[in-house]
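Here the structure is laid out as structure tokens; the discussion comes afterwards.
Chain naming here is simple, since letters A, B, ... match the order of the sequence lines and numbering starts at 1 in each. Note that the coordinates shown come from a computational prediction; the quantities given were computed from them, not determined experimentally.
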Amino acid sequence: MTEAPLIVPGTAGPQGQDDLLAGLNPQQLEAVTYRGPALLIVAGAGSGKTSVLTRRIASLLRSREAWPSQILAITFTNKAAGEMRERVEGLIGDAARGMWISTFHSACVRILRREAQQFGFTKSFTIYDSGDSRALIKRLVKEHEADAFGLTPASVQSRISKLKNELSDAESYARQANMSDPAERIFVEVFADYQRQLQKANAFDFDDLIGQTVYLFRAFPEVADTYRRRFRHILVDEYQDTNHAQYALIHELTRPLASSSAPDPYASNGMMIFEPEPEPKNADTAGASLTVVGDSDQSIYAFRGADIRNISEFERDFPGARVVLLEQNYRSTQNILSAANAVIGNNFDRKEKKLWSDRGEGDKIIGFTGYSQHDEAQFVADEVEALHRAGMPYSEMAVFYRTNSQSRALEEIFIRSAVPYKIMGGTKFYERAEIKDALAYLVAVANPADEMAVRRILNKPRRGIGDVTETAIARFAEEQGITFRDALSMPAQLGFGPKIQAAIAQLDAVLTEATAIMLPPTGEVPAPTTVADGLSLLLAKSGYLDALRASRDPQDEARVENLDEFVAVARDFARNNPEGTIVDFLTDVALVADADDLDDESGTVSLMTMHTAKGLEYDAVFVTGVEEDLIPHRISAGEPGGPQEERRLFYVGITRARKRLHLSLAMTRAQFGEVTVAMPSRFLQEIPVALIDWRQSPGDVNSRGGMQSRALNARRAGGFGGSGSGSGSGDRFGVKPLPGRDSLKPLSTAMDRFPNRVTAKVRDNGDLELTAGDRIRHVDFGEGRVDTVTGEGAKRIAHVRFDTAGQKKLLIKVAPIEKI
DNA sequence: AGGGACAGAGTTTTT
DNA sequence: CTCTGTCCCT
């Protein structure tokens with residue numbers, strides 16, 4: 001952490017900012033220092049945009065053009081927000097405190113919590129993630145019997161989301177829809193009902209967070225003015241990924257004040273003394289200054305409503321806007337950039353932009369074609385090991401794929417090869433049933449109006465309360481005009497048997513007790529550990545944990561561990577937010593994606609989708625599954641602009657690499673138990689041949705006698721890190737070349753003999769003892785000699801030098817090996 | 001009410 | 001293949 005130089009008022013100005021401007025190229029310099037109402041920074045991949053953005057903020061603060069509280073910086077992910085805050089603090093220290101640096105969603109939640117009571121919500125509203133809305137929509141689809149008209153929960157959810165991103169609601173949609181179509185009519189009904197249910201539950205879904213904030217600003221201009229007065233400098237990162245609602249939000253915030261007569265709470269704090277504007281009065285009511293940063297070549301979220309026109313028509317939207325182009329790339333070698341440029345050049349409707357680098361040509365891109373996804377994964381694992389032996393830390397390597405399901409094969413091989421890895425944003429911790437249950441308990445306390453949450457925990461753990469009872473409670477609540485939650489507090493009046501009455505009374509008691517802890521009635525300050533304590537209490541006294549512990553299902557053991565972890569998360573939260581309430585905690589959980597808190601633990605390879613990869617960079621990058629129907633994904637083919645978006649996604653993937661880029665694919669891929677033949681992606685052909693060094697090209701694999709040429713290839717390849725870099729000896733499957741077959745047939749014949757799955761059952765070698773010098777036999781790699789054994793217990797790792805397959809690391813417990 | 005067996009469906013990206 | 005939903009039996 002660098003100390004910020006002290007700023008003496010009056011000495012502000014360019015001369016006080018030398019360190020902020022040092023080392024910038026002319027375009028970056030202008031991006032940092034330009035002052036005006038609107039600035040668009042077109043920042044190519046790796047062009048130092050985060051640096052520019054943070055220095056621009058630091059510069060505004062250092063020169064006293066703005067107070068921290070007047071700055072609103074919006075990023076796409078919480079991780080990016082955290083990084084930006086850290087870097088600004090690194091530049092100017094504590095002076096950065098009080099800025100809003102957050103995602104669209106967090107910023108809107110902050111605003112909505114403060115203003116919710118203006119329009120029929122309370123400040124403890126729940127945030128529904130997509131799983132929650134799906135559950136609600138599913139129920140409504142059933143209730144309205146919408147499935148009879150071909151509406152599925154998934155389709156309804158995505159349509160509603162799209163409409164909300166366009167700031168449309170059920171009513172406005174109905175006006176322009178073809179209401180003579182019964183399917184349309186019922187959709188509108190479901191949409192309207194969905195919105196009613198949200199309101200009744202005192203809840204917002206993800207899209208509402210943005211949309212309702214816009215609505216709030218439009219319906220209550222004086223509320224909007226408060227924020228317009230406050231935020232004088234608004235900066236938006238990844239502008240190409242904004243959707244219409246987000247665009248409208250920015251527009252609302254940068255509008256001139258609606259009523260200039262209102263008192264200005266910030267006018268008295270003395271900042272005007274340093275305000276360089278010649279006419280302070282004007283500056284006071286004029287719109288905030290807006291800076292947006294983006295790159296239309298990296299727009300990859302059109303599928304969820306991102307509108308590329310927001311950036312391409314920025315100059316029209318904000319007349320007089322200055323545009324700065326950053327084209328020098330400081331990240332990658334020229335070979336990688338040339339490939340990226342060549343690929344993205346095939347998108348026709350883009351503004352020409354050519355990234356260049358002065359880092360030299362660098363290594364060639366390495367290509368590899370495996371027979372199966374596991375073969376491909378083995379190549380990645382081997383290459384990772386080779387790079388690691390050559391001195392590259394695991395944390396500097398990343399493996400990308402198009403779809404989450406592709407991570408399986410990689411994981412299996414990585415485990416077997418003892419490669420330390422971490423999956424970023426994979427199966428979500430917060431989507432696990434037990435965590436959702438625990439969350440529902442918390443929501444039931446924090447926001448009793450949220451009927452979904454209360455219903456969810458009603459019979460978890462099993463209390464003998466079934467469908468019939470649940471419906472009866474709901475009907476009772478409706479008749480009495482009370483909430484579902486309140487109905488639980490009068491079990492005697494519900495008219496159930498004594499057993500069920502007791503169960504309900506018990507649940508009610510637990511919730512009441514937890515409420516007393518977590519939401520103390522008086523204004524007293526709750527203890528910092530209140531959330532964690534309340535959560536533990538809920539899980540213990542509800543019997544949830546006991547039920548899991550009593551279960552014989554081995555999975556339930558893991559669930560208990562997950563819940564322990566969740567309690568730890570709550571304690572962690574308390575440590576970081578001593579004054580944090582249960583509502584703060586729930587907000588955090590709802591808005592913090594797993595990808596965000598899974599910080600790079602040094603010493604592990606990162607696995608993630610190409611979408612998750614945006615904004616990150618690594619020394620070595622492996623883009624896997626470079627096949628037709630995967631990237632570009634087959635679903636994209638039908639969508640307008642789909643293939644182009646896929647190309648941008650691929651472009652994002654390859655531009656993450658600093659020094660080494662690997663592109664790999666598999667000739668066959670097993671999905672849903674079916675083995676399909678894959679074709680190389682069209683994007684591969686868009687890269688000049690000279691840039692790729694194929695360890696094994698699609699031709700090698702596809703042509704007659706593929707096995708043999710592969711074996712030759714592997715031996716010939718040598719390459720970085722020595723002979724182990726190939727993927728094992730070609731004859732490991734015991735398949736002889738098949739002369740005389742045409743180029744398509746041999747593959748399918750050979751295919752059934754390739755393991756498309758690693759042995760499904762978990763192998764357990766138990767206490768197999770190995771020491772240096774032992775000879776072993778491996779199912780795939782043949783015979784070899786143990787060099788050393790490291791690690792302990794279940795994590796013992798044998799470092800083996802195979803006679804033909806080179807060096808490997810093997811997790812002794814699970815590797816398919818035997819001592820000989 | 002709850003558990004087990006079976007059938008069917010869905011498989012893109014995520015704040 | 002794997003997850004969900006449904007049906008049927010206890």
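- Using a 4.0 Å heavy-atom distance criterion, A:R408 is classed as a sugar-phosphate-only contact.
- Taking only distance into account, the side chain of A:R634 never meets the base of B:dT12 through a donor-acceptor pair shorter than 3.5 Å.
- Contact check on A:D295 versus A:K49 returns no salt bridge, with no Lys/Arg side-chain nitrogen under 4.0 Å from an Asp/Glu carboxylate oxygen.
- Using a 4.0 Å heavy-atom cutoff across all strands shown, A:F76 reaches sugar-phosphate atoms only and no base atom.
- Counting only heavy atoms from C-beta on, A:V468 has its side chain closest to B:dA1 among B:dT12, B:dT13, B:dA1.
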N/O to N/O distances under 3.5 Å, protein versus nucleotides 4-8 of chain C:
from, atom 1, to, atom 2, distance (Å)
C:dG5, OP1, A:K138, NZ, 2.7

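- Whole-Å rounding puts the A:L616 CG to B:dT14 P distance at 13 Å.
- When heavy atoms are screened at a 4.0 angstrom cut-off, A:S636 is found touching no nucleic acid atom at all.
- Ring geometry for A:H611 against A:Y301 counts as tilted: the plane angle lies between 30° and 60°, on a 0 to 90° scale.
- With rounding to whole Å, A:I160 atom CD1 is found 21 Å from B:dT15 atom P.
- Note on A:T469: a side-chain N or O is less than 4.0 Å away from OP1 or OP2 of B:dA1.
- Note on A:N243: every side-chain N or O is 4.0 Å or more away from OP1 and OP2 of B:dT15.
- Using a 5.5 Å limit on the distance between ring centres and a 30° limit on the angle between planes, the aromatic ring of A:F303 counts as stacked on the six-membered base ring of B:dT13.
- In this structure, CG of A:N404 is placed 16 Å from C1' of C:dC1, rounded to the nearest angstrom.
- Atom NZ of A:K79 is separated from atom P of B:dT14 by 14 Å (rounded to the nearest Å).
- A salt bridge links A:D129 with A:K436; the closest basic N to acidic carboxylate O contact falls under 4.0 Å.
- Among residues two or more places apart in sequence or in another chain, the side-chain hydrogen bond (donor to acceptor under 3.5 Å, both in side chains) test is passed with A:D207 by A:S161.
- In this structure, A:S405 does not reach the B:dT12 phosphate: none of its side-chain N or O atoms is under 4.0 Å from OP1 or OP2.
- Whole-Å rounding puts the A:E645 CD to B:dT14 C1' distance at 12 Å.
- Salt-bridge formation is not detected for the pair A:R634/A:E646: no Lys NZ or Arg NE/NH1/NH2 atom is positioned less than 4.0 Å from an Asp or Glu carboxylate oxygen.
- Whole-Å rounding puts the A:Q212 CD to B:dT15 P distance at 21 Å.
- In this structure A:K460 satisfies the side-chain hydrogen bond (donor to acceptor under 3.5 Å, both in side chains) test with no other residue, sequence neighbours excluded.
- With salt bridges taken as basic N to acidic carboxylate O contacts below 4.0 Å, one links A:R648 and A:E645.
- Residues passing the side-chain hydrogen bond (donor to acceptor under 3.5 Å, both in side chains) test with A:Q246: none are found, sequence neighbours excluded.
- Within the 4.0 angstrom heavy-atom criterion, only backbone atoms of the sugar-phosphate kind lie near A:D467; the bases stay farther away.
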Name the pairs: protein N/O against N/O of nucleotides 2-7 of chain B, kept only if under 3.5 Å.
from, atom 1, to, atom 2, distance (Å)
B:dG2, OP1, A:G464, N, 3.0
B:dG2, OP2, A:N459, ND2, 3.0
B:dG3, OP2, A:R462, NH1, 2.9

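- You'll find a donor-acceptor pair under 3.5 Å spanning the side chain of A:H105 and the base of B:dT15, going by distance alone.
- Dense packing is recorded around CZ of A:F303, with more than 12 heavy atoms of other residues, nucleotides or ligands lying under 6.0 Å away.
- The side-chain hydrogen bond (donor to acceptor under 3.5 Å, both in side chains) test applied to A:E470 returns A:R455, not counting sequence neighbours.
- The CG-P distance, from A:L112 to B:dT15, rounds to 19 Å in whole Å.
- Going from atom CG of A:L458 over to atom C1' of B:dA1 covers 13 Å, rounded to whole Å.
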